[in-house]
Amino acid sequence: MGTAIDTLLSRSPSICGGRIRIDGTRVTVHQVVTCYQRGLTAEEIVEQYPHTNLAQVYAALAYYHANRDEIDRELEAETADFLRLADESKSKS
């Protein structure tokens, strides 16, 4: 019997800020997508996160493609927050 794809990802409010992640890890779909958007292949993403496997990475990518607008908005918001905090930190120095 095969592995059900929906068992490869999970979400818990107390882990990774409640972001969806590869089950049993702290690798979020956002992290996988960021690597993917930088041009890494699934195999290269597994090399970046050696405690994952191809099935898990492909499940994360499938989730991304099924929820692309939502994930892209979340990534844009995270980037904007990061840049805002970096600017605030520079202005305090």
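- Separating the OG1 atom in T28 from the CD1 atom in I15 is a distance of 12.5 Å, to the nearest 0.5 Å.
- Side-chain atoms of D23 and T7, non-hydrogen and from C-beta on, never get closer than 4.5 Å to each other.
- Interatomic distance, T52 OG1 to Y58 OH, rounded to the nearest 0.5 Å: 12.0 Å.
- Taken from CG in L40 to CD in E47, the straight-line distance is 8.5 Å, to the nearest 0.5 Å.
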Given side chain to side chain contact (heavy atoms under 4.5 Å, CB included), test H51 with I22 step by step and report yes or no. CA-CA 10 Å; H51 53 288; I22 294 174; over 6 Å; no
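- To the nearest 0.5 Å, atoms CZ (R68) and CG (L61) are separated by 10.5 Å.
- The shortest distance between side-chain heavy atoms of R84 and D87 does not fall below 4.5 Å.
- Taking every heavy atom of both residues into account, A55 and L8 meet most closely at O-CD1, 3.6 Å.
- The line from CD of Q48 to CD of Q31 is 10.5 Å long, rounded to the nearest 0.5 Å.
- Using a distance-only test at 3.5 Å, with no hydrogens or angles considered, a donor-acceptor pair links the side chain of T34 to the main chain of H30.
- Of all heavy-atom pairs spanning A59 and L9, the tightest one is O-CD1, 3.7 Å.
- Both V27 and L54 are assigned to one and the same hydrophobic cluster, defined by single-linkage of ILVMFWY side chains at heavy-atom distances under 4.5 Å.
- Taking every heavy atom of both residues into account, I45 and Y36 meet most closely at CD1-N, 3.9 Å.
- Judged by distance alone, with hydrogens and angles left aside, the side-chain atoms of Q56 form a donor-acceptor pair with the main-chain N or O of N53 at under 3.5 Å.
- Inter-residue side-chain proximity for Y63 and I71 is flagged as met; some heavy-atom pair is nearer than 4.5 Å.
- Contact record, V29 with A60: CG1-O, 3.8 Å, taken as the closest heavy-atom pair.
- The nearest pair of heavy atoms linking R26 to C16 is O-SG, 3.5 Å.
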